[in-house]
Amino acid sequence: MTSVDARKPAGFEDNDQHPVGHGRMLRKEDPRFVRGRGNYVDDVQLPGMLHLAILRAPVAHARLVSIDTTAAEAHPKVKAVVTGETLAGLNLAWMPTLSNDVQAVLVTDKVRFQGQEVAFVVAEDRYAARDALELIDVEYDILDPVIDVRRALEPGAPVIRDDLEGKTDNHCFDWETGDAAATEAAFARADVVVSQDIVYPRVHPAPMETCGAVADFDPVEGRLTLWSTTQAPHAHRTLYAIVAGLPEHKIRVISPDIGGGFGNKVPIYPGYVCAVVGSIVTGKPVKWMEDRSENLVSTGFARDYVMRGEIAATRDGRILAIRTNVIADHGAFNGTAAPVKYPAGFFGVFTGSYDLEAAYCHMSAVYTNKAPGGVAYACSFRITEAVYLVERIVDCLAAELAIDPVDLRMRNFIRPEQFPYTTKTGWVYDSGNYEPTMREAMRLAGYEDLRREQAGKRARGELMGIGVSFFTEAVGAGPRKHMDILGLGMADGCELRVHPTGKAVVRLSVQSQGQGHETTFAQIVGEELGIPPADIDVVHGDTDNTPFGLGTYGSRSTPVSGGAAALVARKVRDKARLIASGMLEVSADDLVWEKGSFHVAGDPGTAVTIQDIAMRAHGAGDLPDGVEGALEAQITYNPPNLTYPHGAYICVVDVDPGTAQVKVRRFVAVDDCGTRINPMIIEGQIHGGLTDGVGMALMEIIAFDEDGNCLGGSLMDYLLPTALEVPDWETGFTVTPSPHHPIGAKGVGESATVGSPPAIVNAVVDALAPFGVRHADMPLTPSRVWDAMRGQARPP
Ligand code: MCN
Ligand code: CUN
């Protein structure tokens, strides 16, 4: 397969001239967004709707002594006040997490993180609900908080999860992968061993729209309708069914337009359950929308990995082995959304893009008095942490060996003929061709010239840095035999109906949060059937109107649902062929498909279009024997493997020697996601992810003080990058199709967030090389850079 871009110049975005199928095309959903006609959860208004507000714990660790709700209940506009005790009476005080742990919906015994849900009020309006929270009187018995992961593991540390039977420490789980003995042997043989402590700090996806829900329980029908900000409507519905003891068909989860998810909207939050309970107890629809601080303080964070990386190599730069030890901070409840078999997500790909002899990782996950989460913020199930580790430690090795970091990477790349390649931790990379991607990035960046420029600047005492990263991702979970969330296998359904006039509707089990699915899935079907994408409506985010499937995260929509969409279209095409054979009175085998029509072999003039066939499928008259009427199909696609996109990034920074301010001057990103459906959307995904990378590398951190107060609870403290902090992105691409995917496409939604932080940090460390700096932890704020320049390191 060749690149689709090659056919048309960059900037070609006129939908009228757009050929049917893949290619650069403006987003079908955008007219409604730019005209203010999006429909978000907070836009849902139902007759008689009430409003819910949550009282949150002001402290990180405390025993609950008493709650007095009398004053709040007396508020004239308050309809209900619910505490953990009320929920305990309904057996709803605790709920399962997506990682087989339990999480308190409302506190009954003990507060375990600042911002935890303690009680809720339902009132006539949002203001009254908030006012009434202040009338609730709670007495806490403050306990010693456990904030630092290393301290959490010390003997005698206060036990956070004393709700779990027999729990006497803060261990969450242990996990290992690779071969410890083989790795030890490789290290023993090595000429050079480099080790480095590396922290990937706690950050937050901070989507523009916070989380929320509108619950409408109909007591007569026993039916619940829940509008909610979820990336996985079907999986959530099954969990609600289990918790509530209702059948799935009595629960309808609607996820309307979503204002950004970034993994923040994968978990089930106590607020959703509270909204449902609120509707049950009041008999009215209830809306809950959290505010910015609630979102930052209490919902799914990302990362928080304390890592020690070790790399072993020969003197001439052949990498032999990588070893890592990780302490993973999971917060107060294990609320990560990793597949059951993979408690550390896909961190196992920490060997990166390199062909080495051995690898080993040991991880201890711990509970701390912090909000739960971990898998979010375009993490590709923890590949962000893995890529950061390997790309940082490879740079440390390059510095030690005095080899150019690009050169060192090239010497160790998995070679094209080695694919499919099984890593030393057991992952099977489907396809890749790394060197051309690296070379394309060097070409776009003018790598040699940059190095010359840097040498000149160094001689003048200026601090310019060039950072490189090369990543391989694993995206598109399943297959279902290896991957499930709480027993639900990771496969996706797709339904396609072609109407009599040849227009079509495709129903997906994944849910867009801004990735442009309404466009790209129409393009996938359009490419297969020759129907213009403008004539194909994409339905998603409503469990009553879409087939079952596991939802959008881990960049799995294109690898899984994209495969389903292509295959369901081919199924429709097969049926269309039979109908066409009846129309043209030839054998189906004598028909040739050309995008949009069948013609008789050797006679292109005798043809019927897909639109003719659609009308015929629904029309008067007989169809060929065995062919049912209508033109539609349904499929569930279980992918045989993940897809493994890759990319090469080069970042150029300037560091002000007087203020230690980092400026990202240039950033070149070359991505390979196999077959490209819509290059414009891909570029948008890359631009967004690179901006995330600048945020994480230079600005973002959810920090805590020693009492467990969250210091990142507003966008004044939790700094997000804007157009001012980012350069004009320079993007390129190569195309190495996935051999097992129906159209050769790999996921791309998280690539740039995964690949960019190490490139930026590597660039800053490179700039600081004259000071002997080999590593500095993110975020590289001026104070951290200043400390690094002066040979000091501050605790993360
Ligand atoms: N695409 C394409 N060709 C490819 C691969 C993808 O044209 N070879 C297109 C897709 O069709 C889709 C988009 O690019 O329109 C992203 O596709 P994919 O890589 O399959 O990722 P998902 O659609 O599954 O999106 C999830 C991914 C994740 S996990 C996070 S986190 C993230 C991301 O997407 N959250 C986002 N990008 C985001 N972008 C926006 N605007 N908002 C979010 O919340
Ligand atoms: Cu990990 S963030 Mo995305 O998978 O939804």
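Atoms within each ligand, like the ligands themselves, are counted from 1 in listed order. These values consider heavy atoms only, across backbone and side chains, with no hydrogens, waters or symmetry-generated copies.
- Using a non-hydrogen distance threshold of 4.0 Å, Gly554 registers as a contact of ligand 1.
- Residues Phe381 and Tyr342 keep their aromatic ring centres 6.0 Å or farther apart.
- Checked against a 6.0 Å centroid threshold, the rings of Trp427 and Phe346 count as neighbours.
- Residue contacts with ligand 1, taken as heavy atom pairs separated by less than 4.0 Å, involve Gln513 via backbone and side-chain atoms alike.
- Residue-ligand proximity: Ala378 is placed with a non-hydrogen atom under 4.0 Å from ligand 2.
- Looking at Ala376 against ligand 2, only its backbone comes within 4.0 Å, counting heavy atoms.
- Protein heavy atom nearest atom 5 (O) of ligand 2, with residue, atom name and distance: Gln231 NE2, 3.0 Å.
- At least one heavy atom of Cys673 sits less than 4.0 Å from an atom of ligand 1.
- Checked by atom type, the side-chain pair Thr643/His741 shows no donor-acceptor distance below 3.5 Å.
- When non-hydrogen atoms are compared, ligand 1 lies under 4.0 Å from the backbone of Arg556 (N, CA, C, O) but not from its side chain.
- For Ser380, every heavy-atom contact with ligand 2 shorter than 4.0 Å involves the backbone, none the side chain.
- Residue Glu750 places at least one N or O, backbone or side chain, under 3.5 Å from an N or O of ligand 2.
- Within the listing of ligand 1, atoms 29 (S) sit less than 4.0 angstrom from a heavy atom of Tyr553.
- The shortest N or O to N or O distance between Ser557 and ligand 1 is under 3.5 Å.
- The proximity of Ile682 to ligand 1, defined as any non-hydrogen pair under 4.0 Å, is limited to the side chain.
- Of all the heavy atoms of Ile681, the ones lying under 4.0 Å from any atom of ligand 1 belong exclusively to the side chain.
- The protein heavy atom nearest to atom 1 (Cu) of ligand 2 is Cys379 SG, 2.2 Å.
- Distances shorter than 4.0 angstrom do not occur between any heavy atom of Pro645 and any atom of ligand 1.
- Heavy atoms of Gly260 come nearer than 4.0 angstrom to ligand 1 in at least one pair.
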